[in-house]
Amino acid sequence: MSFLSVIGISFCAIGILTGMSSAFQTGLFSGGPLSLFWGWNICSLFMFLIALCLAEICSSLPTMGGLYYWVCYMAPDYPALGFTTGLLYTFAMIFTGCSGNLSAALYIASLAEVGTGVTLKRVEVAAIAWGINILSGIINTFGTRAIGAVSKFNLWWTLGGTLFLVISLLAKAPHKNSAQFVFTDLENFTGWGNSGFVVLLGFLQAVYTLEGCETAAQVAEEAQRAEILAPVAIVSSVAGSWFIGLVYMISLLFSVQSIASVQGTSFSIPIAQLYFDAVGRNLTIVSLIIICSTQFFASITAWTASSRLFYALARDNALPFKSSFMSLTGGQAPWLGVWISVLVGSIICCAYIGSPVAFNAILSSAAISVMLSYSMPIMVRVIWPDSLRQRGPFHLGKCSRAVNIASLLFATFISVLFILPTERPVTALNMNYAIVTIGGMLLFTLLAWALYGRHHFRGPVKTVGIVEPASAVGGASKDGFLTGGGSEKVE
């Protein structure tokens, strides 16, 4: 696999087009353009530091299969850390897939209103999300061979779609905002009086969008000179996404006609109103189709992620019912993991029926769970600096410990920030339910280790003679790109 192939997969895993479009309103209403522009650059800087930390590990362990296996290798005497990382990353993929499928449903609902004037009820939007979940499950169960082709197509569709949207916005918007507006305008629809805190709340859009760089590590075994190519791809994908995302964001901010109009929209996803005001009905339909189809292609492979992680954890004796989780269809798909993902994702989508604010909570849950997964191998490096027994050709030298500490502090800060209330006064309808989902995830992980994991899990096992699922064993991103697994027992 060439360098461009690896970096392309990682770039699409980050998902500039889908992530930024779906989460744009979180920054627009919490801090406005000031929060979006400066938050994007600040978060991109720290996500770049996290990418450097992960790249350094990947260069030393280019064939170990990612976060779960890195932690098991670096801390073999503490299997609880590897177990926790595996479960956290599995939950992260479920939340990420759920957020992507619900986003696709919101784009479909917005398309229906733009095209026909019919406004769908929240229960109807949730039903569309359930349908996308089920369709993704069917394809993952019976159409495994098509998933790789969809992923490759989505790379070029994402790049071409982003270029089309940027040109359309800048060419068709009847009014272009001033640079002062784009870089300094503060908006606050949250009810919070502290402007600094409001701006911080808007960071969700940037963090949610920029997650996914670790995907390059999952295809490292297929790359030449993996110890160099994979870590460079991890870092380059964040740097490239930083720049391309900045271009897309600036085009959105220069083209937004009225923030109040976007905030008061009847469309299911607020960015549809931004496009409607800026480029008109017909181009809005085209633009939403591009974004929605990109998200749909991602949703097809969303459950490929968690199902492979369920398989890997069961294989390594981290889950009960091992034979059931390792049971494969004729297309070599771990069907039980697929349909557990579908079921859990559909249950989470039900929260949207109660309140549209639940969508932001699902985005927060996805962002937090991924950040917690990133923090595990970085935390091991901070606590045990010598845990990476041999440096690879890509390393940070004397800066390594400082970069790891800064990255861990940022991941911790973000994980706390995104569970805080996003609106005041706090009611049952506008509460940030991310604290419930993340709390439940952590409690489940703790109980799973106490009741089962500590008695059975010792680390990744050898896979000689074991039939592995089709594609890579591991996870996928919010944009639907496959991630890998590992195969060696950690001694």
Side-chain angles (χ1 to χ4, degrees), residues 8-9 11-25 96-116 118 120 124-125 127-140 143 146-169 172 208-209 212 241 244-245 248 251-252 267-276 278-305 345 349 359 363 476-482:
I9 290 174
F11 168 76
C12 283
I14 291 175
I16 291 298
L17 179 58
T18 53
M20 183 172 288
S21 299
S22 299
F24 189 77
Q25 73 280 351
T96 299
C98 175
S99 66
N101 291 336
L102 182 54
S103 295
L106 293 171
Y107 288 121
I108 292 173
S110 297
L111 270 169
E113 185 167 357
V114 173
T116 67
V118 176
L120 299 184
E124 294 172 321
V125 175
I128 295 173
W130 300 335
I132 297 173
N133 287 341
I134 293 172
L135 179 59
S136 299
I138 292 173
I139 294 174
N140 270 283
I147 294 174
V150 169
S151 297
K152 292 178 182 178
F153 173 77
N154 209 15
L155 166 61
W156 300 107
W157 187 252
T158 298
L159 290 173
T162 303
L163 179 62
F164 175 85
L165 295 179
V166 169
I167 293 174
S168 298
L169 286 167
K172 295 291 292 183
Y208 175 77
T209 302
S241 297
I244 295 173
Y248 182 41
S251 69
L252 288 168
F267 295 145
S268 296
I269 197 157
I271 201 169
Q273 186 68 53
L274 187 154
Y275 275 98
F276 189 84
V279 301
R281 176 179 176 273
N282 292 335
L283 267 180
T284 296
I285 292 175
V286 174
S287 300
L288 292 181
I289 288 175
I290 291 173
I291 302 173
C292 181
S293 58
T294 304
Q295 190 69 75
F296 177 72
F297 293 143
S299 73
I300 290 176
T301 53
W303 304 135
T304 308
C349 287
F359 176 60
L363 295 181
S477 72
K478 60 179 171 291
D479 230 21
F481 282 78
L482 306 182

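In this chain, residues are counted from 1 in sequence order.
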Query raised in the report: Which atom pair, heavy atoms only, marks the closest approach of V125 to S268?
Result: CG2-OG, 4.1 Å
Requested in this report: Could you tell me the separation between the CG atom of L111 and the CD1 atom of I285, rounded to the nearest 0.5 Å?
Outcome: 7.0 Å
Query raised in the report: Is there side-chain contact between L274 and F24, with at least one heavy-atom pair below 4.5 Å?
Result: yes
Query raised in the report: Between CG of L120 and OG of S110, what distance do you get to the nearest 0.5 Å?
Result: 8.5 Å
Query raised in the report: Is it the case that Y248 and S21 place a side-chain donor and acceptor less than 3.5 Å from each other?
Result: yes
Requested in this report: Work out which heavy atom in A104 is nearest to a heavy atom in C292; give both atom names and the distance.
Outcome: O-SG, 3.8 Å
Requested in this report: Please examine the side chains of Q25 and F359, heavy atoms only from C-beta on, and report whether any two atoms are closer than 4.5 Å.
Outcome: yes
Query raised in the report: From I290 CD1 over to T158 OG1, what is the distance, rounded to the nearest 0.5 angstrom?
Result: 10.5 Å
Report summary line: Sequence neighbours excluded, the answer for side chain to side chain contact (heavy atoms under 4.5 Å, CB included) partners of A23 is T26, Q205, Y208, L363
Report task. Can you measure from OH (Y107) to OG (S293) and round to the nearest 0.5 angstrom? Result -> 11.0 Å
Query raised in the report: If you take all heavy atoms of Q295 and S22, which pair is closest and at what distance?
Result: OE1-OG, 3.8 Å
Report summary line: A105 and I132 have their tightest heavy-atom pair at N-CD1, 3.8 Å
Report summary line: One should read off an interatomic distance between I291 CD1 and S103 OG, to the nearest 0.5 angstrom, of 10.5 Å
**Report entry** Any donor-acceptor pair under 3.5 Å from T209 side chain to M20 backbone
**Finding:** yes
Query - Heavy-atom donor-acceptor pair, S251 side chain to V166 backbone, under 3.5 Å - result: no
Query raised in the report: With a 4.5 Å heavy-atom cut-off, do L159 and L163 have their side chains touching?
Result: no
Query raised in the report: To the nearest 0.5 Å, how far apart are OG1 in T284 and CD1 in I271?
Result: 10.5 Å
Query raised in the report: Hey, does L288 have a side-chain heavy atom less than 4.5 Å from the side chain of F267?
Result: no
**Report entry** Smallest separation among heavy atoms of N101 and S136, with atom names
**Finding:** OD1-OG, 4.2 Å
Report summary line: Between N133 and G345, the two heavy atoms sitting closest are ND2-C, 3.6 Å
Query raised in the report: Side chains of F296 and L135: does their closest heavy-atom pair fall under 4.5 Å?
Result: yes
